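Read the structure below first, then the notes.
Numbers for residues simply follow the sequence, beginning at 1. Predicted, not measured: the structure shown is a model, and the values here were computed from it.
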Amino acid sequence: HVYSTVLKGFSATIPQARLNKVKGDERVQFVSEDRIVEAFTRTTLTVTAQTIPTGVSRVNVPENSNKGTSIGVAVIDTGIDLTHPDLKANIIANYSCIRGKKTANDDNGHGSHVAGIIAALNNTTGVVGVSPEARLVAVKVLNANGSGSWSTVICGIDWVTANASKYNIKVANMSLGGGGSSDNNCGNSNNDALHKAICKSTATGVTYIAAAGNSSANASTFVPAAYNDTVITVSALADSDGQSGGLGSSTSYGADDTFASFSNYGNVVDLGAPGVSIFSTWKSGGYNTISGTSMASPHVAGSAALYIKSHPGSTWSQIRDGLVTVAEPLNAGHSDPSGLHIEPVVQANTL
């Protein structure tokens, strides 16, 4: 580069042997070393020391010696940052259903955030996930804008099912959704292809975890959340301090340890989990703090991996019931001023 306005000079790579000669040139006022610079953004940042995110702390993961070792968890999403230093050692496979994308490398950030909640490495940097020794499988069904179609989602489910044995995929997280309803018959009564696909995959031994949705509405009008005959559906809890009891500061979506104001609700919801201001991995090796039932769902997906590790051979409904049994009941650490949420909040310390 040659500068002519704010400076009169240039940038160059100068061999060490010639540096003193340049400095000594009477035409040179000064030489300044080039250095790395990072954007001071409010959402994406680089950290140098590992922290335990509030969500992981809230579900009591640090108390559990079970780390979900070798349990495969598929992230059906925008992909995963395949080279992220806090994720790559746990990524064992990837597949893209998006036209023009040969790999499931994340070009949005959402899937990487979900993946970090599930299985960010327990190392010396970044964050740690709910099941830090689980194995991640990136399945890209959403584009760079975070959108796709049910046909691409079904493509992902199809690939997961075909490769479940190869990669020991026992859990699939679906932090996505759209309008729809359930016939409570695996789509056989209303010819719902997505519903049929998930039911067939579940029958092969893959447990699906679905986000309830962020519309402050009944989750029975959103799919796959409404499929309570084949998925575990998760709502979002607002938690500011990573502890139960409601003693933390209020959040943008409600008081500490209450259900987030944006969260969907209803009798198809099985569990609640932290979903407000969740800090996790992001695309391009970064980190981000975002909110949504998309963030709540992977807390349960990671917990399901822990349950499967200690209860091998469990069916999806046994996993659901097992997680519900040990979860935190209403008014035993969290409350619901809205009166819309009866589901307990996932706890992973005894799994």
Side-chain angles (χ1 to χ4, degrees), residues 38-39 41-48 50-56 68 72-98 101-123 125-148 152-153 156 160 167 169 171-176 209 211 214 234 236 273-302 305:
E38 296 174 347
T41 176
R42 298 181 64 184
T43 55
T44 304
L45 62 156
T46 300
V47 294
T48 57
Q50 180 170 278
T51 60
I52 299 176
T54 55
V56 173
V73 182
V75 177
I76 300 176
D77 211 292
T78 62
I80 300 176
D81 180 355
L82 301 179
T83 61
H84 198 296
D86 221 0
L87 299 171
K88 64 180 180 180
N90 275 342
I91 300 172
I92 57 171
N94 77 91
Y95 185 77
S96 175
C97 291
I98 299 298
K101 300 295 181 180
K102 294 183 179 180
T103 73
N105 194 49
D106 189 5
D107 50 8
N108 174 274
H110 187 272
S112 298
H113 198 273
V114 166
I117 296 169
I118 296 170
L121 295 164
N122 187 8
N123 49 18
T125 62
V127 295
V128 60
V130 174
S131 49
E133 294 179 9
R135 297 294 179 254
L136 293 165
V137 178
V139 184
K140 184 172 178 60
V141 299
L142 303 177
N143 63 23
N145 296 319
S147 62
T152 57
V153 174
V160 165
Y167 298 115
I169 302 172
V171 180
N173 187 83
M174 299 181 74
S175 289
L176 49 79
I209 317 297
N214 302 337
V234 186
V276 172
S277 297
I278 301 300
F279 183 53
S280 185
T281 45
W282 197 247
K283 65 178 181 177
S284 303
Y287 295 84
N288 201 351
T289 300
I290 57 177
S291 303
T293 56
S294 281
M295 288 58 257
S297 181
H299 284 93
V300 174

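Rounded to the nearest 0.5 Å, atoms CG (N105) and CD1 (I91) are 8.5 Å apart. Interatomic distance, CE of M295 versus CD1 of I290, reported as 3.5 Å (0.5 Å rounding). Here the straight-line distance linking atom CH2 of W282 with atom CG of D86 works out to 15.5 Å at 0.5 Å rounding. Of the inter-residue distances, the one linking L142 atom CG with C97 atom SG reads 10.0 Å to the nearest 0.5 angstrom. To the nearest 0.5 angstrom, K283 atom NZ is 10.0 Å from N288 atom CG.
Partners of T83 under the side-chain hydrogen bond (donor to acceptor under 3.5 Å, both in side chains) rule, at least two apart in sequence or in another chain, are D81. Taking the side-chain contact (heavy atoms from CB on, under 4.5 Å) definition, one finds that S175 meets it with D77, H110, V114, N173, S294, S297, P298, sequence neighbours left out. Legend: residues meeting side-chain contact (heavy atoms from CB on, under 4.5 Å) with A115, ordered by chain and number and at least two apart, are V75, I80, L87, L136. Partners of N214 according to the side-chain hydrogen bond (donor to acceptor under 3.5 Å, both in side chains) rule, which considers only residues two or more places apart in sequence or in another chain, are T293. Listed by chain and number, the residues in a ring-ring contact (aromatic ring centres under 6.0 Å, His included) with H84 are Y287 (sequence neighbours excluded).
When side chains are defined from C-beta on, V160 does not count as touching V137, because their heavy atoms never get closer than 4.5 Å. Side-chain contact between V128 and P53 is present, with heavy atoms from C-beta onward closer than 4.5 Å. Counting heavy atoms from C-beta on, the side chains of M174 and V153 come closer than 4.5 Å. At a threshold of 4.5 Å between non-hydrogen side-chain atoms, the residues H113 and I278 count as touching. Taking the side chain as every heavy atom from C-beta outward, N145 and N108 never approach each other to under 4.5 Å.
Just one of V171, V130, I209 meets the side chain to side chain contact (heavy atoms under 4.5 Å, CB included) condition when paired with V73; it is V171.
Heavy atoms only, all atoms of each residue included: K102 and S96 are closest at C-CB, 4.4 Å. Considering all non-hydrogen atoms of both residues, T54 and S277 come closest at OG1-O, 4.2 Å. Here the shortest heavy-atom pairing between A119 and N90 reads O-ND2, 3.0 Å. When all heavy atoms of A120 and P132 are compared, the pair lying nearest together is O-CB, 3.4 Å. Between V234 and A273, the closest heavy-atom pair is CG1-CB, 3.9 Å. For T152 against V141, the heavy-atom pair with the smallest separation is OG1-O, 3.0 Å.
Pairs of residues two or more places apart, or lying in two chains, that qualify as salt bridge (Lys or Arg N to Asp or Glu O under 4.0 Å) and include a residue from residues 126-142 are D107-K140.
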Check: So T51 and V127, side-chain contact (heavy atoms from CB on, under 4.5 Å) or not? Walk me through it.
Finding: CA-CA 5 Å; T51 60; V127 295; 4.0 Å; yes
